[in-house]
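Throughout, residue positions are numbered sequentially from 1 according to the sequence presented.
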Amino acid sequence: MTTDASDAVEIRNALLRLRRGTGLPIAFGGLTEAGRRIRISELSGTATHALRSLVVTSGTGLGGKTVALSRPCVVTDYSASRQISHEYDAPVAVEGLRSVLAVPVVVRHRVRGVLYGALRTSLPLGGRMLDVAVEAARDLERALVVRDEARTLAAEAAAGAGAGPGWEQVREAHTALRALAPRIADPELRAELLGACALLTAESAGPPRVRLAPREVDVLACVAAGATNAVAAERLGVTPETVKGYLRSAMRKLRARTRGEAVVAARRAGWLP
């Protein structure tokens, strides 16, 4: 598996959270490739490019130990540590790193990457600092899960548009895509997801006559799938009162008196499949 541009954005965001939360001046990391190898693809706060594109094999060095054990590992003086092997001492020395922590990024019980934080002085790294680094890794894990789901749904939607699945499947896919899209940080992937949504509706044939806000469509998609306001709020990451507000606004624009009428009107207008 290689790191694409969208993955790189998520890794950089996680590294920034790690640095801000821990106060560590240096962070770097990357995702796994074939054979449980980590390729360091993103650097934050480094003075050189010595670590860029470094490939770390499972079981070797600090990061490789983290991959092999699937748990955080820390050294107080990298070059002198007897707890790790020393295949990567040269690039670490070029960057001048001493104290280093590494935390795994685990998705569905598989290590998908490693995040590192480091100092150029020899000081203990642990306690609250390690907890924050682990939480940054958890954030990246959640982002990767969402991205995996988004890619799968987008592919299924694109394939389904040509294969002609049943309407219930189309509507379920549309609802899931609309719920995922706002959680995608990368604007290109988010646009790709919304494009897949358009393939499932008459929206792709031309501009709808009634203009709805994206969140109004999201709420209507949930309502069309039978979700209550509370369930729609949970799916979309907003409050039930916010859902009610968007629903009222959509109903007014669609001139609908009930939730059911709003769904029917939205389908006629090309917003829902």
Side-chain angles (χ1 to χ4, degrees), residues 1-69 71-106 111-141 143-144 185-186:
M1 179 179 295
T2 57
T3 304
D4 64 20
S6 299
D7 290 332
V9 170
E10 300 295 354
I11 299 170
R12 286 196 293 271
N13 288 341
L15 294 177
L16 287 174
R17 287 193 291 271
L18 189 154
R19 288 182 63 194
R20 290 169 182 161
T22 63
L24 293 173
I26 304 156
F28 50 99
L31 299 182
T32 54
E33 297 182 332
R36 300 188 79 197
R37 301 177 304 174
I38 297 291
R39 182 178 295 274
I40 306 301
S41 61
E42 304 303 318
L43 310 176
S44 181
T46 54
T48 74
H49 294 290
L51 299 170
R52 186 176 295 281
S53 297
L54 181 68
V55 176
V56 178
T57 304
S58 177
T60 61
L62 182 66
K65 182 178 179 180
T66 295
V67 172
L69 298 178
R71 63 172 174 78
C73 297
V74 180
V75 294
T76 302
D77 191 336
Y78 191 99
S79 62
S81 176
R82 296 183 179 181
Q83 301 172 357
I84 60 172
S85 60
H86 291 277
E87 290 84 351
Y88 315 107
D89 281 7
V92 170
V94 169
E95 186 59 42
L97 305 183
R98 300 287 295 280
S99 296
V100 186
L101 59 80
V103 294
V105 177
V106 183
V111 177
R112 285 278 296 274
V114 174
L115 300 182
Y116 300 80
L119 289 169
R120 293 191 174 87
T121 55
S122 183
L123 293 172
L125 303 179
R128 173 62 181 162
M129 192 174 292
L130 188 58
D131 290 342
V132 171
V134 168
E135 187 54 38
R138 298 297 87 82
D139 287 344
L140 179 54
E141 290 168 6
L144 292 175
D186 180 58

Check: Given Val132, which of Arg128, Glu135, Met129 fulfils the side-chain contact (heavy atoms from CB on, under 4.5 Å) condition?
Finding: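 Of the listed options, the one satisfying the test is Arg128.
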
Notebook entry, point to check: Salt bridge check: are Glu141 and Arg138 linked by an N-O gap of less than 4.0 Å?
Noted result: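 Yes.
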
How many angstroms lie between [atom1] in [X] and [atom2] in [Y], if you round to the nearest 0.5 Å?
X	Y	atom1	atom2	value
Leu97	Asp89	CG	CG	11.0 Å
Glu95	His49	CD	NE2	9.5 Å
Arg20	Leu15	CZ	CG	11.0 Å
Leu119	Asp77	CG	CG	11.5 Å
Leu125	Leu24	CG	CG	6.0 Å
Leu140	Asn13	CG	CG	9.0 Å

Check: Relative to the ring of Tyr116, is the ring of Phe28 parallel (under 30°), tilted (30 to 60°) or perpendicular (over 60°)?
Finding: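 Parallel, since the angle between the ring planes stays under 30°.
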
Any idea which heavy atoms bring [X] and [Y] closest together, and the distance?
X	Y	value
Pro72	Val134	CG-CG2, 3.8 Å
Arg36	Val67	NH2-O, 2.7 Å
Ile11	Ser41	CD1-OG, 4.0 Å
Ala143	Glu10	CB-OE1, 3.5 Å
Ala136	Ala14	CB-O, 3.8 Å
Val92	Leu51	N-CD2, 4.3 Å

Can you check whether [X] reaches [Y] side chain to side chain, under 4.5 Å on heavy atoms?
X	Y	value
Val100	Ile26	no
Arg98	Thr121	no
Leu31	Leu144	yes
Val103	Leu130	yes

Next item on the list: Using the side chain to side chain contact (heavy atoms under 4.5 Å, CB included) rule, take Val114 and Ile40 through it: C-alpha gap first, then chi angles, then the decisive distance, then the call.
Entry: CA-CA 9 Å; Val114 174; Ile40 306 301; over 6 Å; no

Look only at the side chain of [X] and the backbone of [Y], and say whether a donor-acceptor pair between them is shorter than 3.5 Å.
X	Y	result
Arg37	Thr57	no
Thr66	Leu62	yes
Ser99	Pro124	no
Ser85	Glu87	no
Glu42	Gly30	no
Arg19	Ala27	no

Margin query: Looking at Arg120, I'd like to know if its CZ atom is crowded, meaning that more than 12 non-hydrogen atoms belonging to other residues, nucleotides or ligands lie closer than 6.0 Å.
Written below: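 Enclosed.
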
